[in-house]
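First comes the structure, then the notes that go with it.
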Amino acid sequence: MAAEGKTIDALSQFELATVLGPIGSSVGFSQSNAHMLLAAGLITALIMFGMSARAVVPGRLQSLAESSYEFVHDLVLGQVGDEGKRFFPFVFTLFMFVLFGNLLGLLPYAFTFTSHIAVTFALAAVVFVLITVVALMLHGRKFFGYFFPEGAPIWLAPIIIPVEIVSYLSRPVSLSIRLFANMVAGHVMLKVFATFIVLLGGLGAIGPFVAVLPLGVNIALVGFEVLVAFLQAYVFAILTSIYLHDAVHLH
Amino acid sequence: MPQLEFGNPLIIAQIVWLLIIFGVLYFVLSTYALPRVAEVLEDRRRRIEGDLEAAQAAKAEADAAIAAYREASAKARAEAQAAIAEAMQSAQAETTARADALAARLAKQIDEAEARIGRARDAAMGALRQVSTETADALLVRLTGRSDQAVLGAAVDRALAARGQG
(Lines give C-alpha, C1' and ligand atoms only; values in the text may rest on other atoms or scores of the structure.)
Protein backbone atom coordinates (compact mmCIF):
# COMPACT_ATOMS: atom_id res chain seq x y z
CA MET A 1 0.00 0.00 0.00
CA ALA A 2 2.97 2.25 0.66
CA ALA A 3 4.16 2.15 -2.94
CA GLU A 4 0.75 2.25 -4.44
CA GLY A 5 0.64 4.45 -7.48
CA LYS A 6 4.40 5.06 -7.18
CA THR A 7 4.04 7.54 -4.37
CA ILE A 8 5.55 7.64 -0.93
CA ASP A 9 2.87 7.35 1.71
CA ALA A 10 4.68 7.47 5.03
CA LEU A 11 1.86 8.78 7.17
CA SER A 12 -0.99 6.34 6.64
CA GLN A 13 0.69 4.00 9.12
CA PHE A 14 -0.38 6.39 11.87
CA GLU A 15 -4.06 6.34 10.97
CA LEU A 16 -6.40 5.03 13.60
CA ALA A 17 -8.87 2.31 12.77
CA THR A 18 -11.22 0.47 15.02
CA VAL A 19 -10.68 -3.21 15.68
CA LEU A 20 -12.88 -6.02 16.98
CA GLY A 21 -15.62 -5.32 14.46
CA PRO A 22 -18.83 -3.60 15.55
CA ILE A 23 -18.05 -3.87 19.28
CA GLY A 24 -14.76 -2.09 18.80
CA SER A 25 -16.23 0.60 16.62
CA SER A 26 -19.09 1.22 19.04
CA VAL A 27 -16.65 1.94 21.92
CA GLY A 28 -13.97 3.53 19.74
CA PHE A 29 -11.45 0.79 20.48
CA SER A 30 -8.70 1.35 17.89
CA GLN A 31 -5.67 -0.73 16.97
CA SER A 32 -3.67 1.73 19.03
CA ASN A 33 -5.60 0.69 22.14
CA ALA A 34 -5.20 -2.95 21.20
CA HIS A 35 -1.43 -2.45 21.21
CA MET A 36 -1.64 -0.69 24.56
CA LEU A 37 -3.54 -3.66 25.90
CA LEU A 38 -0.94 -6.01 24.42
CA ALA A 39 1.89 -4.00 25.97
CA ALA A 40 0.17 -3.98 29.35
CA GLY A 41 -0.46 -7.72 29.08
CA LEU A 42 3.17 -8.41 28.17
CA ILE A 43 4.48 -6.29 31.04
CA THR A 44 2.19 -8.01 33.52
CA ALA A 45 3.08 -11.42 32.10
CA LEU A 46 6.77 -10.67 32.26
CA ILE A 47 6.59 -9.82 35.93
CA MET A 48 4.03 -12.41 36.99
CA PHE A 49 5.42 -15.37 35.04
CA GLY A 50 8.98 -14.22 35.45
CA MET A 51 8.67 -14.09 39.21
CA SER A 52 6.42 -17.14 39.57
CA ALA A 53 9.41 -19.35 40.36
CA ARG A 54 10.54 -17.00 43.13
CA ALA A 55 13.95 -18.56 42.68
CA VAL A 56 16.90 -17.40 44.72
CA VAL A 57 19.05 -17.97 41.65
CA PRO A 58 16.92 -16.45 38.87
CA GLY A 59 16.30 -17.95 35.47
CA ARG A 60 16.26 -15.93 32.24
CA LEU A 61 12.78 -14.48 32.50
CA GLN A 62 13.16 -13.80 36.19
CA SER A 63 16.49 -12.08 35.53
CA LEU A 64 14.80 -9.89 32.97
CA ALA A 65 11.97 -9.02 35.33
CA GLU A 66 14.38 -8.36 38.20
CA SER A 67 16.78 -6.29 36.19
CA SER A 68 13.99 -4.11 34.82
CA TYR A 69 12.73 -3.68 38.38
CA GLU A 70 16.16 -2.81 39.72
CA PHE A 71 16.96 -0.53 36.79
CA VAL A 72 13.91 1.65 37.39
CA HIS A 73 14.26 1.33 41.15
CA ASP A 74 17.83 2.65 41.09
CA LEU A 75 16.80 5.36 38.65
CA VAL A 76 13.95 6.63 40.82
CA LEU A 77 15.78 6.38 44.12
CA GLY A 78 18.90 7.90 42.62
CA GLN A 79 16.97 10.93 41.40
CA VAL A 80 14.31 11.43 44.04
CA GLY A 81 16.00 9.96 47.08
CA ASP A 82 14.33 7.74 49.67
CA GLU A 83 10.99 9.51 49.26
CA GLY A 84 10.98 8.15 45.72
CA LYS A 85 9.87 4.71 46.91
CA ARG A 86 6.25 5.87 46.86
CA PHE A 87 6.52 6.86 43.22
CA PHE A 88 8.46 3.85 42.06
CA PRO A 89 5.41 1.83 40.86
CA PHE A 90 4.22 4.80 38.85
CA VAL A 91 7.58 5.43 37.17
CA PHE A 92 8.00 1.72 36.57
CA THR A 93 4.59 1.50 34.91
CA LEU A 94 5.35 4.55 32.82
CA PHE A 95 8.80 3.32 31.76
CA MET A 96 7.64 -0.17 30.85
CA PHE A 97 4.52 1.07 29.08
CA VAL A 98 6.48 3.50 26.92
CA LEU A 99 9.29 1.00 26.33
CA PHE A 100 6.93 -1.78 25.28
CA GLY A 101 4.96 0.65 23.14
CA ASN A 102 8.13 1.72 21.35
CA LEU A 103 9.44 -1.80 20.90
CA LEU A 104 6.11 -3.32 19.82
CA GLY A 105 5.83 -0.59 17.21
CA LEU A 106 9.01 -1.81 15.58
CA LEU A 107 7.45 -5.18 14.73
CA PRO A 108 6.05 -5.50 11.22
CA TYR A 109 2.32 -4.67 10.92
CA ALA A 110 2.35 -3.34 14.48
CA PHE A 111 1.06 0.07 15.49
CA THR A 112 3.20 2.46 17.52
CA PHE A 113 0.90 4.13 20.03
CA THR A 114 3.75 6.32 21.29
CA SER A 115 3.79 7.99 17.87
CA HIS A 116 0.53 9.72 18.71
CA ILE A 117 0.96 13.12 20.27
CA ALA A 118 -2.37 12.66 22.03
CA VAL A 119 -1.08 9.55 23.77
CA THR A 120 2.29 10.98 24.76
CA PHE A 121 0.68 14.22 25.85
CA ALA A 122 -1.86 12.33 27.96
CA LEU A 123 0.98 10.45 29.67
CA ALA A 124 2.91 13.68 30.17
CA ALA A 125 -0.23 15.33 31.52
CA VAL A 126 -0.61 12.51 34.04
CA VAL A 127 2.99 13.16 35.11
CA PHE A 128 2.35 16.90 35.25
CA VAL A 129 -0.76 16.52 37.38
CA LEU A 130 1.05 14.08 39.64
CA ILE A 131 4.07 16.33 40.27
CA THR A 132 1.85 19.35 40.86
CA VAL A 133 -0.43 17.50 43.27
CA VAL A 134 2.52 15.97 45.11
CA ALA A 135 4.23 19.34 45.44
CA LEU A 136 1.03 20.99 46.67
CA MET A 137 0.34 18.20 49.14
CA LEU A 138 3.86 18.15 50.55
CA HIS A 139 4.54 21.86 50.63
CA GLY A 140 1.13 23.57 50.49
CA ARG A 141 1.42 27.23 49.71
CA LYS A 142 5.23 27.12 49.83
CA PHE A 143 5.08 25.35 46.49
CA PHE A 144 4.52 28.70 44.80
CA GLY A 145 7.90 29.82 46.11
CA TYR A 146 9.25 27.41 43.54
CA PHE A 147 8.60 30.03 40.88
CA PHE A 148 10.77 32.60 42.61
CA PRO A 149 14.11 31.26 43.86
CA GLU A 150 15.15 32.47 47.28
CA GLY A 151 17.87 35.10 47.35
CA ALA A 152 17.11 36.49 43.90
CA PRO A 153 16.81 40.28 43.82
CA ILE A 154 13.18 41.28 44.14
CA TRP A 155 13.24 43.59 41.13
CA LEU A 156 13.94 40.56 38.96
CA ALA A 157 10.62 39.01 40.00
CA PRO A 158 8.67 40.30 36.98
CA ILE A 159 11.13 38.48 34.74
CA ILE A 160 11.89 35.38 36.79
CA ILE A 161 8.35 34.45 37.75
CA PRO A 162 6.88 34.35 34.23
CA VAL A 163 9.97 32.50 32.98
CA GLU A 164 9.69 29.93 35.74
CA ILE A 165 5.97 29.49 35.17
CA VAL A 166 6.45 29.04 31.45
CA SER A 167 9.26 26.58 32.02
CA TYR A 168 7.11 24.65 34.48
CA LEU A 169 4.13 24.59 32.12
CA SER A 170 6.28 23.59 29.17
CA ARG A 171 7.38 20.41 30.92
CA PRO A 172 4.51 18.22 29.69
CA VAL A 173 4.83 19.77 26.23
CA SER A 174 8.53 19.01 25.87
CA LEU A 175 8.12 15.60 27.49
CA SER A 176 5.36 14.57 25.08
CA ILE A 177 6.74 16.15 21.92
CA ARG A 178 10.18 14.61 22.46
CA LEU A 179 8.78 11.08 22.53
CA PHE A 180 6.20 11.68 19.81
CA ALA A 181 8.67 13.32 17.44
CA ASN A 182 11.30 10.64 17.92
CA MET A 183 8.87 7.83 17.22
CA VAL A 184 7.22 9.55 14.26
CA ALA A 185 10.55 10.48 12.70
CA GLY A 186 11.89 6.96 13.06
CA HIS A 187 8.82 5.32 11.59
CA VAL A 188 8.55 7.81 8.74
CA MET A 189 12.21 7.19 7.87
CA LEU A 190 11.66 3.44 7.94
CA LYS A 191 8.62 3.78 5.72
CA VAL A 192 10.35 6.12 3.29
CA PHE A 193 13.35 3.88 2.84
CA ALA A 194 11.13 0.82 2.60
CA THR A 195 9.21 2.55 -0.18
CA PHE A 196 12.52 3.33 -1.91
CA ILE A 197 13.32 -0.37 -1.91
CA VAL A 198 10.07 -1.13 -3.70
CA LEU A 199 10.34 1.79 -6.13
CA LEU A 200 13.97 1.17 -7.02
CA GLY A 201 13.39 -2.56 -7.23
CA GLY A 202 11.02 -1.93 -10.09
CA LEU A 203 13.59 -0.16 -12.23
CA GLY A 204 14.22 -3.00 -14.66
CA ALA A 205 17.44 -5.06 -14.64
CA ILE A 206 19.60 -2.92 -12.34
CA GLY A 207 16.70 -2.28 -9.98
CA PRO A 208 17.39 -5.07 -7.46
CA PHE A 209 21.04 -4.02 -7.18
CA VAL A 210 20.24 -0.39 -6.51
CA ALA A 211 17.48 -1.37 -4.10
CA VAL A 212 20.09 -2.95 -1.83
CA LEU A 213 21.21 0.53 -0.76
CA PRO A 214 17.96 1.61 0.93
CA LEU A 215 17.66 -1.91 2.32
CA GLY A 216 21.02 -1.46 4.05
CA VAL A 217 19.89 1.90 5.34
CA ASN A 218 16.71 0.33 6.68
CA ILE A 219 18.62 -2.42 8.47
CA ALA A 220 20.77 0.20 10.15
CA LEU A 221 17.66 2.25 10.93
CA VAL A 222 15.96 -0.65 12.66
CA GLY A 223 18.95 -1.06 14.95
CA PHE A 224 18.96 2.66 15.55
CA GLU A 225 15.24 2.60 16.29
CA VAL A 226 15.71 -0.10 18.92
CA LEU A 227 18.22 2.19 20.58
CA VAL A 228 15.81 5.13 20.31
CA ALA A 229 13.02 3.00 21.77
CA PHE A 230 15.06 2.31 24.89
CA LEU A 231 16.51 5.77 25.07
CA GLN A 232 13.18 7.59 24.81
CA ALA A 233 11.59 5.36 27.44
CA TYR A 234 14.57 6.04 29.66
CA VAL A 235 14.41 9.77 29.02
CA PHE A 236 10.69 9.78 29.79
CA ALA A 237 11.27 7.93 33.04
CA ILE A 238 14.29 9.94 34.17
CA LEU A 239 12.62 13.29 33.41
CA THR A 240 9.60 12.15 35.39
CA SER A 241 11.96 11.28 38.24
CA ILE A 242 13.67 14.66 38.04
CA TYR A 243 10.31 16.42 38.11
CA LEU A 244 9.29 14.28 41.08
CA HIS A 245 12.54 15.28 42.79
CA ASP A 246 11.64 18.93 42.26
CA ALA A 247 8.14 18.28 43.56
CA VAL A 248 9.43 16.54 46.68
CA HIS A 249 12.35 18.84 47.47
CA LEU A 250 11.38 22.11 45.70
CA HIS A 251 14.75 22.69 43.96
CA MET B 1 -0.62 13.90 9.68
CA PRO B 2 -3.29 11.64 11.19
CA GLN B 3 -2.05 12.35 14.72
CA LEU B 4 -3.02 15.99 14.45
CA GLU B 5 -6.57 15.45 13.17
CA PHE B 6 -8.08 16.23 16.50
CA GLY B 7 -11.57 16.23 15.03
CA ASN B 8 -11.30 12.46 14.74
CA PRO B 9 -13.42 10.99 17.57
CA LEU B 10 -11.05 8.00 17.69
CA ILE B 11 -8.34 10.24 19.14
CA ILE B 12 -10.48 11.04 22.17
CA ALA B 13 -11.50 7.39 22.46
CA GLN B 14 -7.83 6.44 22.25
CA ILE B 15 -7.02 8.70 25.19
CA VAL B 16 -9.89 7.37 27.26
CA TRP B 17 -8.78 3.81 26.61
CA LEU B 18 -5.17 4.81 27.29
CA LEU B 19 -6.11 6.16 30.71
CA ILE B 20 -8.13 3.03 31.49
CA ILE B 21 -5.41 0.62 30.36
CA PHE B 22 -2.62 2.62 32.01
CA GLY B 23 -4.60 2.86 35.22
CA VAL B 24 -5.34 -0.84 35.31
CA LEU B 25 -1.69 -1.64 34.51
CA TYR B 26 -0.55 0.67 37.31
CA PHE B 27 -2.97 -0.95 39.73
CA VAL B 28 -1.94 -4.50 38.78
CA LEU B 29 1.76 -3.73 38.88
CA SER B 30 1.74 -1.79 42.12
CA THR B 31 -0.62 -4.18 43.91
CA TYR B 32 0.43 -7.62 42.72
CA ALA B 33 3.46 -7.68 40.48
CA LEU B 34 5.99 -5.31 41.99
CA PRO B 35 5.57 -6.42 45.63
CA ARG B 36 6.32 -9.91 44.39
CA VAL B 37 9.61 -8.78 42.86
CA ALA B 38 10.44 -6.78 45.95
CA GLU B 39 9.72 -9.82 48.10
CA VAL B 40 12.03 -12.05 46.07
CA LEU B 41 14.79 -9.46 46.03
CA GLU B 42 14.44 -8.86 49.75
CA ASP B 43 14.43 -12.59 50.36
CA ARG B 44 17.63 -12.97 48.38
CA ARG B 45 19.27 -10.04 50.11
CA ARG B 46 18.36 -11.48 53.51
CA ARG B 47 19.62 -14.89 52.52
CA ILE B 48 22.95 -13.54 51.29
CA GLU B 49 23.28 -11.47 54.42
CA GLY B 50 22.49 -14.51 56.55
CA ASP B 51 25.08 -16.59 54.73
CA LEU B 52 27.65 -13.84 55.09
CA GLU B 53 26.87 -13.56 58.76
CA ALA B 54 27.18 -17.31 59.22
CA ALA B 55 30.49 -17.26 57.40
CA GLN B 56 31.67 -14.39 59.56
CA ALA B 57 30.59 -16.23 62.70
CA ALA B 58 32.39 -19.36 61.56
CA LYS B 59 35.51 -17.32 60.86
CA ALA B 60 35.32 -15.69 64.29
CA GLU B 61 34.92 -19.12 65.85
CA ALA B 62 37.92 -20.45 63.95
CA ASP B 63 39.95 -17.41 64.97
CA ALA B 64 38.98 -17.92 68.59
CA ALA B 65 39.92 -21.59 68.38
CA ILE B 66 43.29 -20.72 66.88
CA ALA B 67 43.87 -18.11 69.57
CA ALA B 68 42.91 -20.61 72.28
CA TYR B 69 45.20 -23.20 70.75
CA ARG B 70 48.07 -20.69 70.57
CA GLU B 71 47.50 -19.64 74.15
CA ALA B 72 47.30 -23.22 75.35
CA SER B 73 50.46 -24.22 73.52
CA ALA B 74 52.29 -21.15 74.79
CA LYS B 75 51.13 -21.93 78.31
CA ALA B 76 52.17 -25.57 77.99
CA ARG B 77 55.56 -24.53 76.68
CA ALA B 78 56.03 -22.08 79.52
CA GLU B 79 54.98 -24.72 82.03
CA ALA B 80 57.36 -27.26 80.54
CA GLN B 81 60.16 -24.75 80.60
CA ALA B 82 59.41 -23.87 84.20
CA ALA B 83 59.33 -27.56 85.14
CA ILE B 84 62.65 -28.15 83.41
CA ALA B 85 64.19 -25.16 85.11
CA GLU B 86 62.86 -26.25 88.47
CA ALA B 87 64.08 -29.81 88.00
CA MET B 88 67.48 -28.53 86.96
CA GLN B 89 67.61 -26.20 89.94
CA SER B 90 66.60 -28.87 92.39
CA ALA B 91 69.01 -31.33 90.87
CA GLN B 92 71.75 -28.74 91.09
CA ALA B 93 70.81 -27.93 94.67
CA GLU B 94 70.80 -31.60 95.55
CA THR B 95 74.16 -32.11 93.89
CA THR B 96 75.58 -29.13 95.70
CA ALA B 97 74.16 -30.34 98.98
CA ARG B 98 75.52 -33.81 98.43
CA ALA B 99 78.88 -32.47 97.39
CA ASP B 100 78.91 -30.23 100.45
CA ALA B 101 77.99 -33.10 102.72
CA LEU B 102 80.65 -35.27 101.15
CA ALA B 103 83.20 -32.51 101.44
CA ALA B 104 82.26 -31.99 105.07
CA ARG B 105 82.52 -35.68 105.84
CA LEU B 106 85.80 -35.90 104.05
CA ALA B 107 87.06 -32.85 105.88
CA LYS B 108 85.98 -34.40 109.15
CA GLN B 109 87.68 -37.64 108.31
CA ILE B 110 90.78 -35.76 107.29
CA ASP B 111 90.67 -33.83 110.53
CA GLU B 112 90.21 -37.04 112.51
CA ALA B 113 92.99 -38.72 110.59
CA GLU B 114 95.22 -35.71 111.13
CA ALA B 115 94.42 -35.76 114.80
CA ARG B 116 95.15 -39.46 114.92
CA ILE B 117 98.37 -38.94 113.06
CA GLY B 118 99.26 -36.10 115.41
CA ARG B 119 98.54 -38.26 118.39
CA ALA B 120 100.48 -41.12 116.92
CA ARG B 121 103.37 -38.80 116.16
CA ASP B 122 103.26 -37.33 119.64
CA ALA B 123 103.18 -40.80 121.02
CA ALA B 124 105.99 -41.74 118.73
CA MET B 125 107.88 -38.61 119.67
CA GLY B 126 107.36 -39.34 123.33
CA ALA B 127 108.60 -42.88 122.76
CA LEU B 128 111.54 -41.51 120.74
CA ARG B 129 112.88 -39.61 123.74
CA GLN B 130 112.69 -42.68 125.91
CA VAL B 131 114.16 -44.92 123.21
CA SER B 132 116.95 -42.47 122.45
CA THR B 133 117.67 -41.97 126.13
CA GLU B 134 117.75 -45.69 126.72
CA THR B 135 119.85 -46.28 123.64
CA ALA B 136 122.28 -43.52 124.58
CA ASP B 137 122.44 -44.88 128.12
CA ALA B 138 123.10 -48.36 126.87
CA LEU B 139 125.81 -47.04 124.52
CA LEU B 140 127.32 -45.00 127.32
CA VAL B 141 127.28 -47.92 129.69
CA ARG B 142 128.97 -50.02 127.06
CA LEU B 143 131.56 -47.45 126.31
CA THR B 144 132.25 -45.94 129.69
CA GLY B 145 130.70 -48.34 132.02
CA ARG B 146 128.74 -45.67 133.82
CA SER B 147 125.58 -43.84 133.41
CA ASP B 148 124.51 -40.36 134.25
CA GLN B 149 120.80 -40.20 133.76
CA ALA B 150 120.42 -36.45 134.30
CA VAL B 151 123.12 -35.35 131.81
CA LEU B 152 121.94 -37.85 129.30
CA GLY B 153 118.35 -36.69 129.58
CA ALA B 154 119.39 -33.09 129.08
CA ALA B 155 121.52 -34.00 126.08
CA VAL B 156 118.71 -35.94 124.46
CA ASP B 157 116.33 -33.06 125.03
CA ARG B 158 118.81 -30.65 123.46
CA ALA B 159 119.29 -32.85 120.48
CA LEU B 160 115.58 -33.25 120.02
CA ALA B 161 115.05 -29.52 120.36
CA ALA B 162 117.78 -28.92 117.83
CA ARG B 163 115.92 -31.12 115.44
CA GLY B 164 112.81 -29.11 116.16
CA GLN B 165 110.92 -32.00 117.51
CA GLY B 166 110.87 -31.17 121.17
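We name chains A, B, ... by the order of the sequence lines, and we start the count at 1 in each one. Heavy-atom basis, side chains included; hydrogens, waters and symmetry copies ignored. No experiment lies behind these values; they were computed from the predicted model shown.
Note on ring orientation: taking the six-membered ring where Trp is involved, the planes of B/Tyr32 and B/Phe27 are perpendicular (angle over 60°, cut-offs 30° and 60°). Relative orientation of the B/Trp17 and A/Phe29 rings is perpendicular, given thresholds of 30° and 60° on the angle between their planes. Note on ring orientation: taking the six-membered ring where Trp is involved, the planes of A/Phe111 and A/His35 are tilted (angle from 30° to 60°). The aromatic rings of A/Phe14 and A/His187 sit perpendicular, their planes meeting at an angle over 60°, well past the 30° parallel limit.
Residue contact with chain A, scored on non-hydrogen atoms closer than 4.5 Å, involves the side chain of B/Leu4 exclusively. For A/Phe180, the part lying under 4.5 angstrom from a heavy atom of chain B is the side chain only. When heavy atoms are compared at a cutoff of 4.5 Å, B/Leu41 approaches chain A solely by way of its side chain, counted from C-beta outward. Neither the backbone nor the side chain of A/Ser25 has a heavy atom closer than 4.5 Å to any heavy atom of chain B. Heavy atoms of B/Val37 lying under 4.5 Å from chain A belong to its backbone as well as its side chain. The contact between A/Tyr69 and chain B is made entirely by side chain atoms (from C-beta outward), counting heavy-atom distances below 4.5 Å. With a 4.5 Å cut-off on non-hydrogen atoms, B/Leu29 touches chain A through its side chain but not through its backbone. In this structure, chain B has a heavy atom under 4.5 Å from the backbone of A/Ala55, while its side chain stays farther away. For B/Ile48, no part lies near chain A; criterion is any non-hydrogen pair under 4.5 Å. For B/Glu39, the part lying near chain A is the side chain, with the backbone staying farther off; criterion is any non-hydrogen pair under 4.5 Å.
Defined by atom type and a distance below 3.5 Å, a donor-acceptor pair is missing between the side-chain atoms of A/Ser30 and B/Gln14.
Ring centers of A/Phe95 and A/Phe92: at least 6.0 Å apart, outside the cut-off. Side-chain rings of A/Phe71 and A/Tyr234 approach one another, their centers coming within less than 6.0 Å.
Chosen from A/Gly41, A/Ala17, A/Ala65, A/Ser115, the residue pairing most often with chain B at heavy-atom distances under 4.5 Å is A/Ser115. Heavy-atom pairs under 4.5 Å with chain B peak, among A/Thr44, A/Val57, A/Leu94, A/Leu46, at A/Leu94. Counting heavy-atom pairs under 4.5 Å between each of B/Val28, B/Asp43, B/Val40, B/Val16 and chain A puts B/Val40 at the top. The choice from A/Asn33, A/Ile47, A/Leu16 that makes the most heavy-atom pairs within less than 4.5 Å of chain B is A/Asn33. The greatest number of non-hydrogen atom pairs below 4.5 Å with chain B, out of A/His73, A/Gln62, A/Glu15, is found for A/Glu15. For the set A/Thr18, A/Val119, A/Val126, A/Val184, the count of heavy-atom pairs under 4.5 angstrom toward chain B peaks at A/Val119.
Using a 4.5 Å cut-off on side-chain heavy atoms (C-beta onward), A/Leu190 and A/Leu106 make contact.
Heavy atoms only, all atoms of each residue included: A/Ala122 and B/Ile15 are closest at CB-CG2, 4.0 Å.
The neighbour count for B/Glu49 CD, taken as heavy atoms of other residues, nucleotides or ligands under 6.0 Å away, is above 12.
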